[in-house]
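First comes the structure, then the notes that go with it.
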Amino acid sequence: MVSTDRLLAFAAMSFLLIIVPGPSVLFVIGRALAQGRRAALTTVVGNTLGAYVLIVAVASGVGSVVERSVLLFMALKLTGAAYLVYLGVKAWRERGSLRAALAGGAGAAQGGSRTFWEGFAVGVSNPKTIVFFAAVLPQFVDRDQGHVAAQMLVLGLVFNVIAVVSDCAWGLVAATAREWFARSPQRLSLVGGVGGLAMIGLGVTVATTGRKD
């Protein structure tokens with residue numbers, strides 16, 4: 001299996017990547033500002049599962065195909081960007097109804113399900129994570145030890161544990177700030193709009209930056 005030195009080196013590199021806010025972190029923050037703590041944490045769970053799907057894909061060899069294909073990579077990146085813009089526009093349009101959402105209600109479970117799958121979609125289409133898993137993850141595998149796919153899955157689990165801790169921290173901090181705004185309908189509407197605009201800006205950034213070759 002994975003040696004201790006490789007595991008620690010990969011954990012350190014993963015930490016450096018994760019602490020720099022990327023699409024997943026900014027999406028969690030935007031969701032926390034727009035909908036609160038529960039939505040942020042549900043988004044983290046969905047996002048984490050989406051990221052692990054990428055790890056499984058890399059372990060099975062699919063990730064390298066995507067990374068080497070300009071067409072597939074760009075299609076996935078633009079799809080993720082478009083989805084972020086869509087969610088941002090939705091949050092902006094619904095910013096006036098955020099106070100009612102704070103009280104919960106009959107639709108809480110359904111809303112939680114939607115939030116989970118929206119987080120999953122962002123996690124599985126995150127270009128930053130795709131490149132990292134496809135280009136960096138295989139470098140920490142010791143092929144002489146065998147069980148290459150299993151080693152990748154273990155390394156991916158380490159990445160996800162670090163990401164969950166970091167993303168939850170970001171989401172909780174943003175949700176706490178939102179609760180202060182929630183004391184005023186006007187302030188709550190404002191922060192919901194800011195969260196929506198942040199997601200729209202993130203979608204545009206994802207679409208216009210990164211690999212273009």
Side-chain angles (χ1 to χ4, degrees), residues 14 17-58 62-63 66-67 72-95 101 110-134 136-137 156-157 159-175 178 191-211:
S14 298
L17 176 80
I18 290 168
I19 61 172
V20 178
S24 293
V25 170
L26 295 179
F27 181 68
V28 169
I29 292 174
R31 184 50 58 87
L33 290 175
Q35 297 184 23
R37 180 180 291 107
R38 177 179 295 182
L41 296 181
T42 303
T43 298
V44 170
V45 174
N47 190 281
T48 301
L49 181 58
Y52 204 74
V53 167
L54 292 178
I55 295 167
V56 173
V58 171
V62 176
V66 174
E67 196 275 335
L72 286 177
F73 185 87
M74 289 298 296
L76 189 57
K77 183 177 84 164
L78 293 177
T79 298
Y83 193 61
L84 284 168
V85 171
Y86 162 76
L87 293 176
V89 171
K90 182 180 177 183
W92 171 264
R93 294 180 62 182
E94 296 176 354
R95 66 190 185 281
Q110 182 180 8
S113 176
R114 286 197 300 268
T115 300
F116 171 84
W117 287 111
E118 287 170 353
F120 176 87
V122 172
V124 81
S125 62
N126 185 344
K128 177 182 175 182
T129 309
I130 293 172
V131 172
F132 181 78
F133 289 156
V136 178
L137 178 60
L157 185 61
F159 178 95
N160 269 6
V161 169
I162 298 172
V164 166
V165 174
S166 175
D167 291 356
C168 283
W170 281 108
L172 291 175
V173 169
R178 175 185 184 267
V191 76
V194 170
L197 290 176
M199 284 186 276
I200 293 173
L202 175 58
V204 173
T205 301
V206 168
T208 58
T209 59
R211 172 180 169 181

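- For the side-chain contact (heavy atoms from CB on, under 4.5 Å) test, residues two or more places apart in sequence or in another chain that qualify with Ile162 are Ala11, Ser14, Phe15, Ile18, Val158.
- The shortest distance between side-chain heavy atoms of Val58 and Leu54 does not fall below 4.5 Å.
- Taking OG1 of Thr48 as the reference point, atom CG of Asp167 lies at 6.0 Å (rounded to 0.5 Å).
- In terms of heavy-atom proximity, Ala175 sits nearest to Ala32 at N-CB, 3.9 Å.
- The side-chain contact (heavy atoms from CB on, under 4.5 Å) search around Leu157 returns Tyr52, not counting sequence neighbours.
- Summarising the geometry of Gly171 relative to Val28, their closest heavy-atom pair is CA-CG1, 3.8 Å, with the distance given to 0.1 Å.
- In terms of the side-chain contact (heavy atoms from CB on, under 4.5 Å) criterion, residue partners of Thr42 (sequence neighbours excluded) are, by chain and number, Arg38, Thr115, Phe116.
- Take Val53 and apply the side-chain contact (heavy atoms from CB on, under 4.5 Å) test, not counting sequence neighbours, and it matches Phe120, Val124.
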